[in-house]
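Keep in mind the model is a prediction, meaning the values are calculated, not measured.
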Amino acid sequence: MGRTDMTALEVIRALAHDSAVAIVITDAKVEKPGPTILYANAAFARLVGRTVAELLGTNPRFMQGRETRRPALDQFAQALATGERFHGYLTNYRPDGGKYVAEIDCHPLRNAEGRVEYFLAFEREVVRRRGRPWGGTASRFEPASVSDDSLTPDLKLLGAFQHR
């Protein structure tokens with residue numbers, strides 16, 4: 001008989017593998033040089049313009065560039081350091097120098113003792129809305145593409161991309 005009980009990380013990897021939603025998992029080491037990418041699905045590799053093999057073992061900071069805003073990075077770092085969820089927008093860069101705005105919804109994954117062991121992030125490219133925003137920061141951006149991915153209802157249950 002084969003093993004039937006999977007760890008939470010294995011379950012996430014299985015669900016995320018073919019998802020159209022960009023998903024990345026890092027370890028919980030927030031001090032430099034961490035965190036380190038432990039898993040990235042193909043959608044994340046496409047979003048950032050690299051292969052999955054190139055991503056594993058690297059730090060997500062490689063995506064930052066000249067227009068990546070320090071206040072947003074500081075907010076993200078603070079959330080990671082305190083083991084809280086981060087939801088926000090970062091200007092990132094692909095290897096060819098092309099920039100894009102990523103909406104990031106990053107969740108700490110805790111072990112049975114309550115200690116953060118991993119960070120799980122859902123990401124998507126967004127574009128700035130044209131015209132006057134109708135209120136709140138959530139209204140400034142909309143998805144660059146819309147997915148009919150079957151994982152979308154599950155992401156809604158997790159609160160991914162919901163604005164608070």
task = Please identify each residue that fulfils salt bridge (Lys or Arg N to Asp or Glu O under 4.0 Å) with R66, with sequence neighbours left out.
result =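 Expected list: none.
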task = Check side chain to side chain donor-acceptor pair (under 3.5 Å) between E54 and all other residues, then give those that pass, not counting sequence neighbours.
result =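 With sequence neighbours excluded, E54 shows a side chain to side chain donor-acceptor pair (under 3.5 Å) to T51, given in chain and number order.
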When you measure from the side chain of [X] to the backbone of [Y], do you find a donor-acceptor pair of N or O atoms at a distance under 3.5 Å?
X: T36; Y: D27; value: no
X: N59; Y: P33; value: yes
X: R46; Y: A20; value: no
X: R61; Y: G34; value: yes

Measure the shortest side-chain to side-chain distance between [X] and [Y] over non-hydrogen atoms and say whether it is less than 4.5 angstrom.
X: C106; Y: L120; answer: no
X: V24; Y: E123; answer: yes
X: R50; Y: P95; answer: yes
X: T68; Y: L73; answer: yes
X: V126; Y: Y89; answer: yes
X: F122; Y: H107; answer: yes
X: V48; Y: Y93; answer: no
X: V52; Y: F44; answer: no

Closest non-hydrogen atom pair, [X] against [Y]:
X: A43; Y: S19; value: CB-O, 3.4 Å
X: I104; Y: A121; value: CG2-CB, 4.4 Å
X: P60; Y: P35; value: CD-O, 3.4 Å
X: V116; Y: G83; value: CG2-CA, 4.0 Å

task = Please work out whether the ring planes of F76 and F86 are parallel, tilted or perpendicular, with thresholds of 30° and 60°.
result =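 Judged by the thresholds at 30° and 60°, the geometry between F76 and F86 is parallel.
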ask   = Does the side chain to side chain contact (heavy atoms under 4.5 Å, CB included) test come out yes or no for Q78 and E84, once each step is laid out?
value = CA-CA 8 Å; Q78 179 65 27; E84 297 175 9; over 6 Å; no
When hydrophobic residues are tied together by side-chain contacts of less than 4.5 Å, even through go-betweens, does [X] share a cluster with [Y]?
X: V21; Y: I25; value: yes
X: L80; Y: I37; value: no
X: L90; Y: F62; value: no

task = Might you work through the side chain to side chain contact (heavy atoms under 4.5 Å, CB included) test for T26 and L38, ending with a clear yes or no?
result = CA-CA 5 Å; T26 68; L38 303 175; 5.6 Å; no
Nearest-0.5 Å distance, [atom1] of residue [X] to [atom2] of residue [Y]:
X: T91; Y: Q64; atom1: OG1; atom2: CD; value: 11.0 Å
X: K29; Y: Y118; atom1: NZ; atom2: OH; value: 10.5 Å
X: I23; Y: D105; atom1: CD1; atom2: CG; value: 11.0 Å
X: D74; Y: R69; atom1: CG; atom2: CZ; value: 11.0 Å

message = Test: salt bridge (charged side-chain N to carboxylate O under 4.0 Å, His left out). Region: residues 87-102. Which pairs qualify, not counting sequence neighbours?
response =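 Those involving residues 87-102 are E67-K99, R94-E125.
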